[in-house]
Amino acid sequence: MKSLLVSSIEEYSGKSALIIALGLMLRDKGFKVGYFKPFCVGTTRIGEQLVDEDAYNTASVLNTGDDIEDVCPVKLDKPYVEYVCSTDPVSLKRRVMDSYKRISEGRDVVLVEGAVEYKVGRALGLSDLDVSSALDLDALMVVKYTSDFVIDGILIAKELFGARLKFVLFNQLAGYKKAYVKEVTQRFLKRNGLEMLGSLPYDPLLAGLFVSELGEALNGEWLVKPEEDVIIEEFLIGAMSPPAALKYFRRVRQAALITGGDRADLQNLALETGNIKCLLLTGHLEPPATMLGKAEEKGIPVILVADDTLTTMEKVDNVFGKARIKGDAKIRRIKELVERFIDLKSLEVLD
Amino acid sequence: MTENMLEHFFYPESIAVVGATSREGKVGNTLLKNILPFRGKAKGHVRIYAVNPKYDKILNVRCYPSVLQIEDVVDLAVVAVPAVSVPEVLEQCGAKGIKNVVVISAGFKEAGREGAVLESKLVRISDKYGLNLVGPNCLGIINTHAGLNATFGKSTPTKGNIAFLSQSGAFALAVIDWAKAANVGFSKMVSLGNKAVLDECDFIEYLAMDAETAVITLYLEDIREGRRFIDVAREATKTKPVVVLKSGKTEAGAKAASSHTGSIAGSVEAFSAAFQQSGVVEANSINDLFDFSLTLSRIRHVSGGIAIVTNSGGPGVMAADAIEESGLGLAAFDRETMEKLRDLHVANFYNPVDVMGDADSDKFGSALGIVSAAESVGAIIAILSPTAPIEFDKAGDYVLELNDKKPIIPVFMGGDEIANTVERFKKQGITNYFDPVRAVKALCAVKKYSESRDKVSATPFYFKVHRKAIEELIGLWDRKEVKRGIGVEGFKVLETYGIPVPPYGKAETAAEALELADRIGYPVSMKIVSPDIVHKTDVGCVKLNVRREEVKETFFEILHRAEKYTSARRIEGVLVQQMVEGGKEVIVGMKRDMHFGPLIMFGLGGIYVEVFKDVSFRIAPLSKEDAIEMIKSVKAYRILRGVRGEPMSDIDSLVDVLLRVSQLSMDFPEILEADLNPIKVFEHGKGCYAIDFKMIIEAKK
């Protein structure tokens, strides 16, 4: 049995997405794949159960069939400080070891997902650093390329992980830096005992939100219900005149338009251009009935919210980029990207 | 659609009035009453049927439960039943084989979502049976010459030679009432309503062939088939003038129109360019619309200058001012004319001719006679103030008599005194104006029309290009990792289309930049490549005249500055380009309009372009003549021609660029916008270079 710890330097770096892609690819090759997330902090209640939403989603996409209590042995169900002071680290560690044993049974590969970022859980002895040594795991660091300074973070992590940190993978890398990362950074990492597996580009589809997620996040009223739950990749604020707006409406794809309910001119234009898949009408202003008729005819959902345009945009910003990998389109896309941009030969788990 | 099919709208031999009722004041009642007299007026035997399951007979007309029970062939159905019942009625019309339907009923797209659903049902049923449908939500149609009034209006306009199409039923209603009082006649009228099936294009096509129509007058709120409109209108204006009042041109107007009809505003520039290119005369007010139409209904052409004959100085001066401003010219008289005028003892025998306040109608008439005989005179504005010696009726006789020789626009100024004469003018289709400026504007419309008609409609120009190369590039942009805004890949598009660009390359690292610059030769210019940075110069992301030892440093400096404005993720690299010295800067742009397609723009370049807005627009495809006209119509053309001994710029090379951009825009509908800014143009024979290029590609749906 082989296993790999997928860790990160920052939160929302793309660990789950990578695990989903790797897991599915391995499964396609005939491997029996396990998924394990020792320390879970994003807990919510689903029915009777207390679960980590993220891990729950990943486990159901990979369909490993393990008891969710084993997939997530330690769940944060009270404030962290409280948890730290009231729990015995030794019994926690035992719990993790036991669950890992059960998950590993009969498996060719187990993909282990780190906590929020590699330091999180240290006070409980459950950080990625602790887990990698306790379970003797090689680690892969997923690094969101926010600026050139990320390499400093990588070096410190390397010092802390030591020989167990072997691989680095950049995420959301775009623009001219690609050339630098390929030519300069790769060499630098090698000198420091790290292997760069490649870099994934920013992908709007993966970052996108389902219309249903959007309606829920904004607590809106459905004036026209969606016929199918499409993914929204971009948001536009409609404040300009229609001729000025037209070019923006046409260059986007899978976009939602946020505009006042009274801007019938922009709403009509948006319905006509075809690239705008959802109208978010703000200020609790009812749009003209003619527009709703057209939206219904074209199958474009219309959501009415009470907030003003600015507040709506802020709320959207808050949920955007934190979307989970679910639905066929997103799953297919992340697999494509990993197949295309990541050099998997170095990952021994895939042999 | 053949004209034959629409013929039945105006000359039906049998009509079914669906929704007819005996209840006074109802639409179905007025409609039937308006249609009934047609029975007697039409040449042959016209059969009229009422349809309403509640009656056997209405106003002595046999009434059927539905059109299906009518044993006879029905040419035209006019429908005035509640909106929800219209689809059923249409199905019956289809089954009965009725091809032409006017749906008067309201309660469709204009009324909300249920209405919109109903309207799409109408469209589907019409498609199924091949129905020609006018409306819904309209006033109806009128053919004065045949005596057909299939509207629910209270009055019928008199016969005339102007055909009027209106997108607003209420406006049509007002026009009918006004026309009656103003004694303005119409040939045909169509209230277009929601334009669910038939629109202005169909009727312009028909009316262009209609012998009773001399002028086609339109009131429009939107034009949905822009390209077809241009083609149809261009064809029509070859034989008769088309005058349009298009509302919703401002932002506020467009907003109002959008909530009213759900129409979408196109750009003002596109409408104006479309009207210009198709020879349509654009009116900006209701006054203009009918002034122009009435004038064009009797004057098609003015060959020569305008002469003013007046009995009062002031109004003559006003007219002269207006003529000068409008670009029409005052006629210069020949010696013979001047001598004759001098013999008549007028105060001024040059143009404007002032016969003086003490002149009587005969003297005024003689002056008109002399002037109308002059060869240099194309049209006359005859201005009269109600001075004591003037008898308006007599003066009017002269105008009516001489009008056949040279078109005369009377400006008889007054109220009660002139009322009788004005009525006589109207009967002859001549409009009298109180304001000389209005008379001049109307003449100006004639000039515009005749100029556009005379213009040879040249065919668009086509170059051979390597299409495949561009397809590959566009394919590249479709892939996710390349942004839709455009960097240097764009230059490849220009090169493929034969538009000259200076040697260039994109560098992602400093070492690459140096390598490129070495290959291009020094000095070079260096610019940021990022879809987020539009005005590169403003943020210090353009460096000119860079020498070899400065290349690496400049590379870092540009990136450093750029990263202050946008994330590194949105920076593609740095463009290294050969330095181009000298030349004058112009801009060529393309913007795709919702309704009319690619709108090509030309203007003088530089940073002040946004202030002066000295630009011209045409809709692609451009002919060579269009391109030349575009360049000549900007004020800055004088600069290109050269001022104070400067050599003339290479205009031919700019014409070439315009034509190639026009073709690019036609070949690749996915290109939404393109901007060649600046283009540096050198002196005649030395060509031009596109220095910077930007374009936006439509996202794949």
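Every chain is numbered from 1 and lettered A, B, ... according to where its sequence line falls, protein lines coming before strand lines.
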We want to know whether A:Lys15 and A:Ser8 form a side-chain donor-acceptor pair, criterion being a heavy-atom distance below 3.5 angstrom. yes

Quick check on [X] against chain A: is it the side chain, the backbone, both or neither that has a heavy atom closer than 4.5 Å?
X	answer
B:Glu269	neither
B:Ala510	both
B:Ala507	neither
B:Thr509	both

Specify whether B:Phe555 and A:Tyr180 have parallel, tilted or perpendicular ring planes, treating 30° as the upper limit for parallel and 60° as the lower limit for perpendicular. tilted

I'd like to know if the side chain of A:Lys330 and the backbone of A:Gly208 have a donor-acceptor N/O pair within less than 3.5 Å. yes

Going by ring pair (Phe, Tyr, Trp, His ring centres under 6.0 Å), A:Phe170 matches just one of A:Phe341, A:Tyr145, A:Tyr202. Which one?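 Of A:Phe341, A:Tyr145, A:Tyr202, ring pair (Phe, Tyr, Trp, His ring centres under 6.0 Å) with A:Phe170 is met by A:Tyr145 alone.
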
Would you please name every residue forming a ring-ring contact (aromatic ring centres under 6.0 Å, His included) with B:Tyr504, sequence neighbours left out?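 Per chain and number, B:Tyr504 pairs via ring-ring contact (aromatic ring centres under 6.0 Å, His included) with B:Phe491.
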
[X], part contacting chain B, at a heavy-atom distance under 4.5 Å:
X	answer
A:Gln172	both
A:Leu223	backbone
A:Leu292	both

How close do A:Ala295 and A:Val302 get, heavy atom to heavy atom, and via which atoms?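 Taking A:Ala295 first and A:Val302 second, the nearest heavy atoms are CB-CG2, 3.7 Å.
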
